[in-house]
Amino acid sequence: MDYNFIEIEKKWQAYWAENHTFKAAEDASRPKYYVLDMFPYPSGAGLHVGHPLGYIASDIFSRYKRLKGFNVLHPMGYDAFGLPAEQYAIQTGQHPEKTTHENVARYRSQLDRIGFSYDWDREFRTCDPDYYKWTQWAFLKMFASWYDNKEQKARPIEELEKAFSEGGSAAVDAATDNDRAFTAEEWNAMDEKEKAGILMHYRIAYQGESTVNWCPALGTVLANDEVKDGYSERGGHPVFQKKMIQWQLRVSAYAGRLLEGLERLDWTDSLKEMQRNWIGKSQGAEMVFKAFNGDREYDVTIFTTRADTVFGVTFMVLAPESEWVERLTSEGQKAEVEAYLESVKKKTERERIAGKAVTGVFSGSYALNPLTGEKVPVWISEYVLSGYGTGAIMAVPAHDSRDYAFAKKFSLPIVPLIEGADVSEESFDAKEGKMINSGFLNGLDVKEAIPAAIDYVEKHGIGHRKVNYRIRDAIFSRQRYWGEPFPVYYRDGIATPVPEDRLPLTLPEISEYKPTESGEPPLARAKDWTYGGWPLEKSTMPGFAGSSAYYLRYMDPHNDKALVSPEADAYWRSVDLYIGGTEHATGHLIYSRFWNKFLYDLGYVCEDEPFRKLINQGMIQGRSNFVYRIVGTNTFVSVGLKDSYDTTEIHVDINLVRNDRLDIEGFRAWRPEYADAEFILEDGEYVCGWAVEKMSKSMYNVVNPDQICDTYGADTLRLYEMFLGPIEQSKPWDTKGIDGVNRFLKKFWRLFWDREKWLVTD
RNA sequence: GCCCUGAUGGCGGAAUUGGUAGACGCGCUGGACUCAAAAUCCAGUGGCCUUUAAAGCCGUGCGGGUUCGAUUCCCGCUUGGGGCACCA
């Protein structure tokens, strides 16, 4: 009896399923170990050979840990809300639920063939109402919480209301976008609507106006991590900046903890570094400049990390979206400023980045340098971002390259502040050298001058030390159908939570999945989308909502009283080993950490960080094949001869190619337009070109794991994927070595079966 | 531009606390079995010099350094991959 993988795998996979061999249950007598894969989005294309790489690694490690005596939790499920199913629904009218269901079934059967040791009793989909009930629940908790900067934790909103009624806005140090100060008396005199408006500026899940990434082609806003180079990550459509009122999560409140928590995690340096950059801590100072529009005086606050350069300020710049623009635009400059703001608005995000053209307009106002008393003009330019710092800067062209470019363009003065710095051709940005032209800072080194300048500013009441973070609050609304509905309705225009015991608020049926003609989200089509007679929120939650706490739900997936019971949480605690792609570095892995910290603050989970150790598996790339068609003909030339002709390179299905030799008859049968194709051969064969590219349907280079399982068996597939190289590394799929792995398994089999008899008794 | 990573035979890659470089596999070469082929098994396989062997020399991207000893540590380059990018 030879190594018969078909029989062996069938027998044991059935045995595992029947006996729930890998079912995990809390067991205080054994140490726990939690191994998790990033759950997949079940796309219509099914699994290719690259997807299971991480799953295979984690499965091997799970089995190893079990044999070492650990109680292993190793679950799997599906990230099932999302854009592709919805786009498909818009095109075909088919309910996304149906598409999702079919795709999940396909994924499951493919996963089953590979023989994973998942505890399938814990499987769920994020689009199941029993699951998204807890996504909605977490949102309500965030809505009902504020962030206390002093205690560095989230607290119930009632405690904030109490503080306001006793001491007004000054009574708390909270993470907020509120800029209106009020006393206890003023607070207590406010009506309900006014109070609600104020509280909205403090809630962790809040509704607020901000500049968002608007994608007209998708009809929805996108989060920063969903936009790449000015195009939507899904679909590649252009993205515009637009001011809109949206639900947001106050992730920025957790910036310090998200940064500091990285220290204790067993993640790769590169991934931690990516998160550090995304969070972007910078230490500096805020300073107040007095600005004058005619005879009206305003205080304009700026942020700088180079307080030492304040003697070299020759102008100020406001972001076009800044609230100061309106106040500081003089009568005479009004028309010009408005024209400029209009031109900025029309640009796509892409144009704004790519052009990097220096643009701007004079506001007509002047400001006073608080240290020198010197009068400097106030300009408006898109190179200043409204979302960072205060949306206004002091410009020091001699020592900042962006200010330098601006000063050159608009002929503004450039005053060098560092000894020996030549600023005739470019700015001197380095933080080194001796200060000159800088009053009391003269002679100091830059590194001494920065704190000295801030000390001076603080002492004279001009400003104070300040830490700024680049990380923005997460835009949490999507103008789409296939996502979690917000459990919020509008009572007299006041956003009001649906009571917890009425969750889940299930997604209604609608007739069509596209936005309405008036531009409202698809949920506007739902009949009676109301609660207690009041209209419900029409946007839905983004993809990352459902994936932010799924690892907690696996601990206790059937609990209808809590996201996770305190007992299950206390036993499984957090994920010990998490395997998944690096593409989630600044999305899912930030949101999950935020979400977990929030639940930790409220006492729902016992660990502050969700993922102890994280490994990023590399991508398995595809090896594509090409044929070369002579332009204007239906004749194809072999790769070695193609340079003698003018040809177009065309992807050809790798299933029609063996060892780069084309199956000519197969090719003719592939597509009607190739039925009468002619070929120019080399040595009687058509040789294809090749390249290593992303494995994808459109490049016809997808290798399906089912084929490998048919030919060699799941164990050969698993062993071979591990054999391809280090797990973290990207590598092309190349079956050259697969026979060797298969041979190894056959030899291994023969250790136990010697042609006619077993060599083992048990 | 800034940050993070990597570079080892014909190929994928081992060697992860500084101690025999090239494990394992692919490929290739030779042999056994067979009428023959496939499959299987055995042996060899970094380079140079040499008919062969012994012996020797050279070898971990490049140039220096530390050390009894460096793929491993330090400095400076070249180059592949990834991330960020008007963040004041």
Side-chain angles (χ1 to χ4, degrees), chain A residues 2-3 224-225 227-230 252 255 267-287 301-310 313 316-320 349 352-360 381-397 399-406 426-427 429-431 466-472 581-587 616 618-621 659 692 716 719-747 750 755:
Chain A
D2 275 340
Y3 170 57
N224 284 340
D225 65 281
V227 181
K228 286 256 178 298
D229 298 328
S252 60
W267 293 13
T268 60
D269 289 338
S270 65
L271 197 76
K272 287 189 193 179
E273 201 57 28
M274 266 188 241
Q275 290 215 340
R276 282 191 197 107
N277 291 341
W278 191 258
I279 296 165
K281 180 178 181 168
S282 74
Q283 280 170 311
E286 279 189 353
M287 266 184 242
T301 307
I302 58 95
F303 174 75
T304 180
T305 56
R306 293 295 302 274
D308 59 309
T309 60
V310 71
V313 174
M316 287 183 75
V317 188
L318 307 174
E349 182 62 5
R352 229 175 130 156
I353 297 168
K356 276 206 178 169
V358 180
T359 67
S381 172
E382 59 183 334
Y383 86 87
V384 174
L385 307 175
S386 64
Y388 183 77
T390 63
I393 63 154
M394 62 178 211
V396 185
H399 302 290
D400 182 288
S401 51
R402 298 153 302 182
D403 297 345
Y404 187 88
F406 195 83
E426 54 181 4
S427 61
D429 291 16
K431 290 186 189 177
K466 169 90 180 175
V467 172
N468 256 328
Y469 294 97
R470 283 172 57 175
I471 193 168
R472 310 290 166 81
T582 179
E583 68 271 22
H584 297 108
T586 51
N616 294 122
M619 200 175 47
I620 292 191
Q621 296 145 312
N659 286 329
V692 171
T716 298
L719 202 51
Y720 185 61
E721 292 221 0
M722 292 300 94
F723 204 82
L724 233 33
I727 182 80
E728 301 91 341
Q729 194 172 299
S730 279
K731 53 235 165 187
W733 177 262
D734 183 347
T735 42
K736 260 196 244 140
I738 201 164
D739 288 313
V741 168
N742 191 242
R743 229 172 274 156
F744 172 85
L745 284 174
K746 286 178 183 168
K747 285 182 204 166
R750 266 184 250 119
R755 292 202 162 82

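Note on naming: letters A, B, ... go to the chains in the order of the sequence lines (proteins, then strands), and numbering restarts at 1 for each one. Quantities reported herein were computed from a predicted structural model and do not represent experimental measurements.
- Rounded to an integer number of Å, the gap from CG of A:Leu385 to P of B:A85 is 11 Å.
- Put simply, the side chain of A:Thr390 gets close to the backbone of A:Thr301: a donor and an acceptor are under 3.5 Å apart.
- Classified by its glycosidic torsion, B:G63 falls in the anti category, the angle being over 90° from 0.
- Judged purely by atom type and a 3.5 angstrom limit, A:Ser381 uses its side chain to pair as donor or acceptor with the backbone of A:Thr359.
- Atom name P, nucleotides B:C11 and B:C84: the rounded distance is 33 Å, in whole Å.
- Base engagement by A:Ile393 is indicated by at least one non-hydrogen atom pair under 4.0 Å involving a base atom.
- Nucleotides B:U16 and B:U29, compared at atom C1', are 35 Å apart to the nearest Å.
- The same atom, C1', is picked in B:A70 and in B:G19; the two are 10 Å apart, to the nearest Å.
- Rounded to whole Å, the separation between the C1' atoms of B:G18 and B:C41 comes to 42 Å.
- Of the nucleotides present, B:U45 is the one that pairs with B:G27 by Watson-Crick or G-U wobble criteria, both distances under 3.5 Å.
- Nearest nucleotide to the side chain of A:Lys747, out of B:A88, B:A85, B:C41: B:C41.
- Look at B:A36: it lacks any Watson-Crick or wobble partner with both distances under 3.5 angstrom.
- Contacts of residues 274-281 of chain A with RNA chain B (heavy atom under 4.0 Å): A:Met274.
- Ring pair A:Phe406/A:Tyr383 is tilted by interplanar angle, where 30° to 60° counts as tilted.
- Searching all strands for a Watson-Crick or G-U wobble partner of B:G1 with both distances below 3.5 Å returns B:C84.
- The separation of B:G61 from B:U71, taken at their P atoms, amounts to 10 Å, rounded to a whole angstrom.
- A distance of about 10 Å separates the P atoms of B:U8 and B:C62, rounded to the whole Å.
- For A:Thr716 and A:Tyr3, the side-chain atoms include no donor-acceptor pair closer than 3.5 Å.
- Take the nearest nucleotide of RNA chain B for A:Ile738 and for A:Gly387: the residue whose nucleotide is more 5' is A:Ile738.
- Between the side chain of A:Asp429 and the main chain of A:Ser401, a donor-acceptor pair closer than 3.5 Å is present.
- For the pair A:Ser730 (side chain) and A:Met619 (backbone), a donor-acceptor distance under 3.5 Å is present.
- The interatomic distance linking A:Lys746 (NZ) with B:U40 (C1') rounds to 9 Å, in whole Å.
- Using a 4.5 Å heavy-atom threshold, the side chains of A:Met394 and A:Thr304 count as touching.
- The A:Arg470 side chain lies nearest to B:C84 when the options are B:A88, B:U40, B:C84.
- Side-chain nitrogen and oxygen atoms of A:Tyr388 include at least one within less than 4.0 Å of the OP1 or OP2 phosphate oxygen of B:A88.
- At a cut-off of 3.5 Å, with distance as the only test, no side-chain donor of A:Asn742 or A:Tyr720 sits close to an acceptor on the other residue.
- What separates OH of A:Tyr720 from P of B:C11 is a distance of 16 Å, to the nearest Å.
- Nucleotide B:U20 has no partner under the Watson-Crick or G-U criteria, as no pair reaches both atom distances under 3.5 Å.
- Straight-line distance from the CE atom of A:Met722 to the P atom of B:G13: 14 Å, rounded to whole Å.
- A gap of 37 Å separates the C1' atoms of B:U67 and B:A53, to the nearest Å.
- As the counterpart of B:C62, B:G76 is assigned, both hydrogen-bonding distances of the Watson-Crick or G-U wobble pattern falling under 3.5 Å.
- In this structure, the nucleotide among B:G13, B:U5, B:A85 sitting nearest to the side chain of A:Gln729 is B:G13.
- One atom, NZ of A:Lys731, and another, P of B:A7, lie 14 Å apart when rounded to the nearest Å.
- Rounded to an integer number of Å, the gap from CG of A:Asp739 to C1' of B:C24 is 16 Å.
- Under a cut-off of 6.0 angstrom, the local environment of CZ in A:Phe744 is sparse, with at most 12 non-hydrogen atoms contributed by other residues, nucleotides or ligands.
- Regarding A:Gln621, its CD atom lies at a distance of 16 Å from the P atom of B:G80, rounded to whole Å.
- Nearest to the side-chain atoms of A:Pro726 among the listed nucleotides B:G13, B:A88, B:C41 stands B:G13.
- Here the separation of B:A32 from B:A15, taken at their P atoms, is 38 Å to the nearest Å.
- Nucleotide B:G12 holds its P atom 18 Å from the CD atom of A:Glu721, rounded to whole Å.
- Residue contacts shown for A:Ser282 are limited to sugar-phosphate atoms, with no base heavy atom under 4.0 Å away.
- Taking every side-chain heavy atom of A:Glu273 into account, B:C3 is the closest of B:C3, B:G12, B:A85.
- Comparing B:U5, B:C86, B:U40 by their closest approach to the side chain of A:Asp269 singles out B:U5.
- The side chain of A:Arg743 contributes no N or O atom lying less than 4.0 Å from OP1 or OP2 of B:C41.
- In this structure, A:Glu426 places its CD atom where only 12 or fewer heavy-atom neighbours from other residues, nucleotides or ligands lie under 6.0 Å away.
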